[in-house]
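What follows is a single structure, written as structure tokens, with notes after it.
For the numbers below, each heavy atom of this structure counts, side chains included, while hydrogens, waters and symmetry mates do not. What you are looking at is a predicted structure, and each value in this text was computed from that prediction instead of being measured. A, B, ... follow the sequence lines: proteins, then strands. Residue 1 opens every chain.
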Amino acid sequence: MPELPEVEVTRRCIEPFLVGRVIEAVHTTPASYFFLTPPGQLKKSLPGRKVGAVSRHGKYLRALLDNGQTLVLHLGMTGQLFSSGATSVRLLSAAARAALAPGEQAAFKPDKHTHLRLCFADGGPDVLFRDVRKFGKVLLLGVNGRDERLERLGIDALEASGIELFSATRKKRSPIKSLLLDQSVIAGIGNIYADEALFLAGVKPTRPCRRVKSAECHAIVAAAQRVMLRSIETGGSSISDYVAPDGTDGGYQDERQVYAREGEACPKCGHKIVRVVVGQRSSHYCPACQK
DNA sequence: ACCGCACCCTGAGCGC
DNA sequence: TGCGCTCAGGGTGCGG
């Protein structure tokens, strides 16, 4: 599931396939809530546009266009952004995977889940946006276009300090885990990195915000940044459907301490990792190390 | 005002 | 073998 590190890895990988290229044609699936900007409008507005910088805020990607418009992408739960040259069995359906000989890699062919496909005037590789569960988003912002969901975002998690988190805890009663997932406070932290950060900081996910001390907030944010930077280095977490744009798997899932390790031994003390539900999300922690 | 929860979607995995 | 149920979860929006 793409969180900040996976989105950043995606940004770095897809940037060379976007920057400086002129869009020639746009292919999409039919209109759905996936398209905040209707497909018809994308097909009308995007051709002829040259792509400039590709940036990221939280889990959102933004591609600046030469006319001042911005193409905004959110990978949602299962979004995959990659170039047409990528090969990976992870990009294929289970049925297509089963048909492959062991070890064989096949080039990806656009399927019913490939909601956006950008073709370029230079005739080089296409850029594809595939999303099985359609929780992702595509939005074309006008020159001075504003979007509430983007303006609501808090400071990017890599730029944050404990101060933003601590000041938010003073106003809330909810569990600290829920606050970490609140994108309007700190943007980019998702379920995996929230659990990992709370483990490293020794704070139980269910602890009410008001009972989290300032020093603990600093520790949580520092830990979140540490695990996310490390995850970016290793190519992100390839749990669920995430795959980097070059078709490779990330490596961070192998470094998880607690996430999806219910019943396993805590790496610090050997206690069994426990799973509870906090704010409709499964949360994993060590009952001995996290108070 | 704040918080919990349903909902959007599809495929994997499991039990019968 | 095959069907049907459950679960996963980011973000939004509603209702208590």
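Distances were taken from every side-chain heavy atom of A:Arg173 (C-beta onward) to each of B:dG11, B:dG4, B:dC3; the shortest belongs to B:dC3.
For the pair A:Arg152 CZ and C:dG10 P, the interatomic distance rounds to 17 Å; values are reported in whole Å. Note: NZ (A:Lys134) to P (C:dT12) measures 18 Å, nearest angstrom. Between the CG atom of A:Asp111 and the C1' atom of B:dC9 there is a distance of 15 Å, rounded to whole Å. Rounded to a whole Å, the CE atom of A:Met77 is 15 Å from the C1' atom of C:dT12. In this entry the distance linking CZ of A:Arg275 with P of C:dC7 reads 9 Å, nearest Å. In this entry the distance linking CG of A:Asp131 with C1' of C:dG9 reads 12 Å, nearest Å. Atom NZ of A:Lys177 and atom P of C:dG9 are 8 Å apart (whole Å). Between the NZ atom of A:Lys137 and the P atom of C:dG9 there is a distance of 18 Å, rounded to whole Å.
Atom NZ of A:Lys268 sits in a crowded spot, with more than 12 heavy atoms from other residues, nucleotides or ligands closer than 6.0 Å. Crowding of A:Arg210 atom CZ: a count of heavy atoms from other residues, nucleotides or ligands under 6.0 Å exceeding 12. With a 6.0 Å radius and a threshold of 12 heavy atoms from other residues, nucleotides or ligands, A:Lys272 has its NZ atom at or below the threshold.
Applying the 4.0 Å criterion to OP1 and OP2 of B:dG11, one finds that A:His113 has a side-chain N or O inside that range. Listed pair A:His74 / C:dG10 fails the phosphate criterion, with no side-chain N or O lying under 4.0 Å from OP1 or OP2. Under 4.0 angstrom from either OP1 or OP2 of C:dG10 there lies at least one side-chain N or O belonging to A:Arg281. Within the structure, a side-chain polar atom (N or O) of A:Gln183 is placed less than 4.0 Å from OP1 or OP2 of C:dG11. For A:Lys59, a side-chain nitrogen or oxygen approaches OP1 or OP2 of C:dG11 to under 4.0 Å. Within the 4.0 Å cut-off from OP1 or OP2 of B:dG4, not a single side-chain nitrogen or oxygen of A:Ser178 is found. Between B:dC8 and A:Arg133, no contact under 4.0 Å exists linking OP1 or OP2 to a side-chain N or O.
Pair check for C:dT1 finds none; no Watson-Crick or G-U wobble contact set falls under 3.5 Å.
Across all strands shown, A:Phe34 has no heavy atoms under 4.0 Å from either base or sugar-phosphate atoms.
Both stacking criteria are satisfied for A:Phe135 over the base of C:dG10: a centre-to-centre distance under 5.5 angstrom and an angle between ring planes under 30 degrees. A distance cut-off of 5.5 Å between ring centres, combined with a plane angle under 30°, leaves A:Tyr33 outside any stacking arrangement with the base of B:dC8.
Ring geometry for A:Phe34 against A:His115 counts as tilted: the plane angle lies between 30° and 60°, on a 0 to 90° scale.
Looking only at atom types and distance, the side chain of A:Arg62 has a donor-acceptor partner in the side chain of A:Ser55 under 3.5 Å away.
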